[in-house]
*Asks:* 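Quick one: this structure, given as structure tokens, is what I'll be asking you about.
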Amino acid sequence: MDKIIIVDDYPDLQELFKTLLELNNFEARSAGSSMELNTLLLSFVPDLILLDVMLGGESGKDICMEVKEKHPHIFIILISANPKLLANHKECKADDIIEKPFDIHMVLDKVNNLLAKK
């Protein structure tokens with residue numbers, strides 16, 4: 001079973017993604033900040049991370065680069081409602097992007113396409 005972490009500072013979005021992923025046979029966990037993500041990564045190493053670009057005062061792109069340095073094998077999809085923030089996502093080594101509002105089927109397609117590459 002593939003493992004996924006959702007990193008978003010909105011609990012409702014965390015729960016939405018978690019439910020969607022679990023209904024599609026993924027093992028999912030969630031975090032609301034980089035500190036929670038780093039703690040979670042000590043015991044749960046995912047295959048993929050869904051990462052909001054804006055986490056309160058934190059930059060999802062910075063978090064993406066930090067995770068990729070330590071865990072280059074983890075796929076990361078950046079998420080934002082602001083398309084400008086998703087521009088140049090390859091610079092922080094993100095594997096894909098999702099623009100809000102999003103279609104649930106498109107999210108699953110992107111997740112499955114990346115995980116098929118492992």
*Asks:* Between L86 and F102, is there a shared hydrophobic cluster once you connect ILVMFWY residues whose side-chain heavy atoms come closer than 4.5 Å?
*Replies:* no
*Asks:* With sequence neighbours left out, what residues match E99 under salt bridge (Lys or Arg N to Asp or Glu O under 4.0 Å)?
*Replies:* none
*Asks:* Atom CG of L23 and atom OG1 of T19: how far apart are they, to the nearest 0.5 Å?
*Replies:* 6.5 Å
*Asks:* Measuring from D109:CG to I104:CD1, what's the distance to the nearest 0.5 Å?
*Replies:* 12.0 Å
*Asks:* Should we say atom OH of Y10 is surrounded by more than 12 heavy atoms from elsewhere, each under 6.0 Å from it?
*Replies:* no
*Asks:* A quick test of your reading: do over 12 heavy atoms of other residues, nucleotides or ligands sit less than 6.0 Å from NE2 of H105?
*Replies:* no
*Asks:* Under 4.5 Å between side-chain heavy atoms, hopping through other hydrophobics if needed: is there a path connecting L114 to I97?
*Replies:* no
*Asks:* For the atom pair CD (E91) and CE (M65), what is the distance rounded to the nearest 0.5 Å?
*Replies:* 9.0 Å
*Asks:* Heavy atoms, side chains only, cut-off 4.5 Å: are K118 and D2 in contact?
*Replies:* yes
*Asks:* What is the minimum heavy-atom distance between D9 and D52, and which atoms define it?
*Replies:* OD1-OD2, 3.6 Å
*Asks:* Could you tell me whether the side chain of F17 reaches within less than 4.5 Å of the side chain of V107, counting heavy atoms only?
*Replies:* yes
*Asks:* Can you find a heavy atom in the side chain of S33 that is under 4.5 Å from one in the side chain of E58?
*Replies:* yes
*Asks:* Mind checking the CD1-CD1 spacing from I74 to I4? Nearest 0.5 Å is all I need.
*Replies:* 12.0 Å
*Asks:* For a 4.5 angstrom cut-off between non-hydrogen side-chain atoms, does V67 reach L37?
*Replies:* yes
*Asks:* Suppose we screen for salt bridge (Lys or Arg N to Asp or Glu O under 4.0 Å). Which residues come up paired with E66, at least two apart in sequence or across chains?
*Replies:* none
*Asks:* Holding to salt bridge (Lys or Arg N to Asp or Glu O under 4.0 Å), I want the full list of residues that pass it with K61, two or more places apart in sequence or in another chain.
*Replies:* none
*Asks:* Mind listing the closest non-hydrogen atom pair of I6 and A28 along with its distance?
*Replies:* CD1-CB, 4.0 Å
*Asks:* When rounded to the nearest 0.5 angstrom, what distance separates CG in D95 from NZ in K90?
*Replies:* 6.0 Å
*Asks:* Using a 4.5 Å cut-off between side-chain heavy atoms of Ile, Leu, Val, Met, Phe, Trp and Tyr, which other residues end up in the same hydrophobic cluster as M1?
*Replies:* none
*Asks:* Can you give the donor-acceptor pairs under 3.5 Å from side chains of residues 75-85 to other protein atoms, not counting sequence neighbours?
*Replies:*
{"residue": "S80", "atom": "OG", "partner": "N82", "partner atom": "N", "Å": "3.0"}
{"residue": "S80", "atom": "OG", "partner": "N82", "partner atom": "O", "Å": "3.4"}
{"residue": "N82", "atom": "OD1", "partner": "K84", "partner atom": "N", "Å": "2.9"}

*Asks:* Is I49 linked to I98 within one hydrophobic cluster, defined over Ile, Leu, Val, Met, Phe, Trp and Tyr using a side-chain heavy-atom separation of less than 4.5 Å?
*Replies:* no
*Asks:* Where do V53 and H89 land on the side chain to side chain contact (heavy atoms under 4.5 Å, CB included) test, with the steps shown first?
*Replies:* CA-CA 10 Å; V53 173; H89 67 279; over 6 Å; no
*Asks:* Ignoring hydrogens, what is the shortest heavy-atom contact between A31 and Q14? Give both atom names and the distance.
*Replies:* O-NE2, 3.3 Å
*Asks:* If hydrophobic clusters are built by linking Ile, Leu, Val, Met, Phe, Trp and Tyr wherever their side-chain heavy atoms come under 4.5 Å apart, do L13 and L108 end up in the same one?
*Replies:* yes
*Asks:* Please round to the nearest 0.5 Å and tell me the distance separating atom CG of L50 and atom NZ of K18.
*Replies:* 13.5 Å
*Asks:* Just jot down the side chain to side chain donor-acceptor pair (under 3.5 Å) partners of E36, sequence neighbours excluded, or say none.
*Replies:* none
*Asks:* Side-chain heavy atoms under 4.5 angstrom apart, residues restricted to Ile, Leu, Val, Met, Phe, Trp, Tyr: same cluster for V7 and L40?
*Replies:* yes
*Asks:* Between C64 and C92, what is the shortest heavy-atom contact and its length?
*Replies:* SG-O, 3.1 Å
